[in-house]
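Numbers restart at 1 for each chain; the letters A, B, ... are given by sequence-line order, proteins then strands.
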2 protein chains.
Amino acid sequence: MSTSNRPAYHHGALRPALIAAARALLDEGGPDAVGLREAARRVGVSPTATYRHFEDKEALLAALALDGFREFGAALAAAERAPEPLSAMGEAYVDFALAKPGMFRLMFSPLLSARHDDEALQAAASAAFTTLARGVGAGSDAPPGAQIPAAAIAAWSLVHGLSHLILDGVLPRAEAETFKQAILGLAPGERDAHGQRRADMAEEPR
Amino acid sequence: MSTSNRPAYHHGALRPALIAAARALLDEGGPDAVGLREAARRVGVSPTATYRHFEDKEALLAALALDGFREFGAALAAAERAPEPLSAMGEAYVDFALAKPGMFRLMFSPLLSARHDDEALQAAASAAFTTLARGVGAGSDAPPGAQIPAAAIAAWSLVHGLSHLILDGVLPRAEAETFKQAILGLAPGERDAHGQRRADMAEEPR
DNA sequence: GCGATGATGTTATCAATGTCAACTTCGAAT
DNA sequence: ATTCGAAGTTGACATTGATAACATCATCGC
């Protein structure tokens, strides 16, 4: 019991602690609000201690994004097991973006897209996207890396675009639910020339 | 002619010059690459001179985005006059994003979305979006500010999402043309439960 | 003409950030 | 027990956005 009163020179689990602090910053102010120094400050450690666990700031962000892609993939996988996988995954996609805007933005940030060397990150991203593609119409019979079906691209673009438009404040957040229903209802249904929406009542209210 | 040999204490047209320099930075490295000091450096003026023309860095970015929204609106308006406005505007949307990625990202950056006080910026953005909404199915009979039809939201999300996915390197840039065709061809057509795409042959090849 | 005046630029300075180098502390393996 | 490498610390540097105080110049009332 003599080790718990002094501030402990060695933190013991700095890396996860830094990731947690950075995650908080990400949630509070988006990717730009994540700083090495601020994260270190919150953990109560000197700024340069971070370099023992992350090559640079970008590596810290990559670690965050890795968690993000895993959570994202899990959410999509869960939705895939729903009775209506297509709309469930679409909803999960948008919900994730709205619930974790900072993370969502980070995951698709150009900073990370350039990180083609980070295998774990790429793997997690691929896994999530593969789940998405599977649930969205790209049959599992298609060999990996093959041409993605047009419908899958469209469905992906649809949910991704809506997520961004709402996140960026272009479309009002207050009506997010409405927009979601409009888009998801569009997937199994169809629309006429005047854009009249056919509401989809198959979704059980939760 | 005695005024042209000395470096001229007063630049004369600093504001547009700074905007041009910042625009170059934006095109080169995206929004994060735009810096007050670097812009001033390129124009050959002291860092703080910028504050005579822009309240802060964000104001400079807002000025850039203003130009961007005007160009964007013009491109959409031009597409609206095409024989097939819907797909032409969709294509114009994606093309703009791919041709001016930095600007596109800036225009939808959360930094600027928070600028609700900047009237010129909001006006230019609204103008562009109104053009888009008009061409995309929201009849001009709808009162401004009214409910946006679901189909319009969907079409917007579609092109916006595809733009982002390609821009962020998630979808390969090399196949951008293919993706564009897939999505634009999908707009007037429909697809069955298995995501089988019905290629739309109505589009004339250009 | 001409001197005050306000707009435009400049220099000096700050606080904050990412990053590097050199030193310190401490747990573990020999 | 001694050593050795991993984990943290202090100190410093360059860069950036921003403020304050000073310099320059063009223009307007006289």
Check side chain to side chain contact (heavy atoms under 4.5 Å, CB included) between [X] and all other residues, then give those that pass, not counting sequence neighbours.
| X | result |
| --- | --- |
| A:P172 | A:E175, A:F179 |
| B:A75 | none |
| B:S46 | B:T48, B:A49 |
| B:E58 | B:D56, B:L111, B:R115 |

Salt bridge (charged side-chain N to carboxylate O under 4.0 Å, His left out): pairs with one or both residues in [range], sequence neighbours excluded:
| range | value |
| --- | --- |
| residues 17-30 of chain B | B:R23-B:D27, B:R23-B:E71, B:E28-B:R42 |
| residues 153-174 of chain B | B:R105-B:D168 |
| residues 44-53 of chain A | none |

Between C1' on C:dG18 and CG on A:L111, what's the gap in Å once rounded to a whole number?
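That distance rounds to 14 Å.
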Under 4.0 Å, heavy atom to any atom of DNA chain D: which of residues 19-33 of chain B qualify?
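Output list: empty, so none.
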Using heavy atoms to find the nearest nucleotide of DNA chain D for A:L14 and B:G35 separately, return the residue whose nucleotide is more 5′.
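The answer here is A:L14.
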How are the rings of A:F72 and A:F96 set to each other: parallel, tilted or perpendicular (split at 30° and 60°)?
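Tilted, since the angle between the ring planes falls between 30° and 60°.
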What are the residues of residues 37-67 of chain B, sorted by number, that bring a heavy atom to within less than 4.0 Å of DNA chain C?
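Nucleic-acid contacts, sorted: B:V45, B:S46, B:T48, B:A49, B:R52, B:H53.
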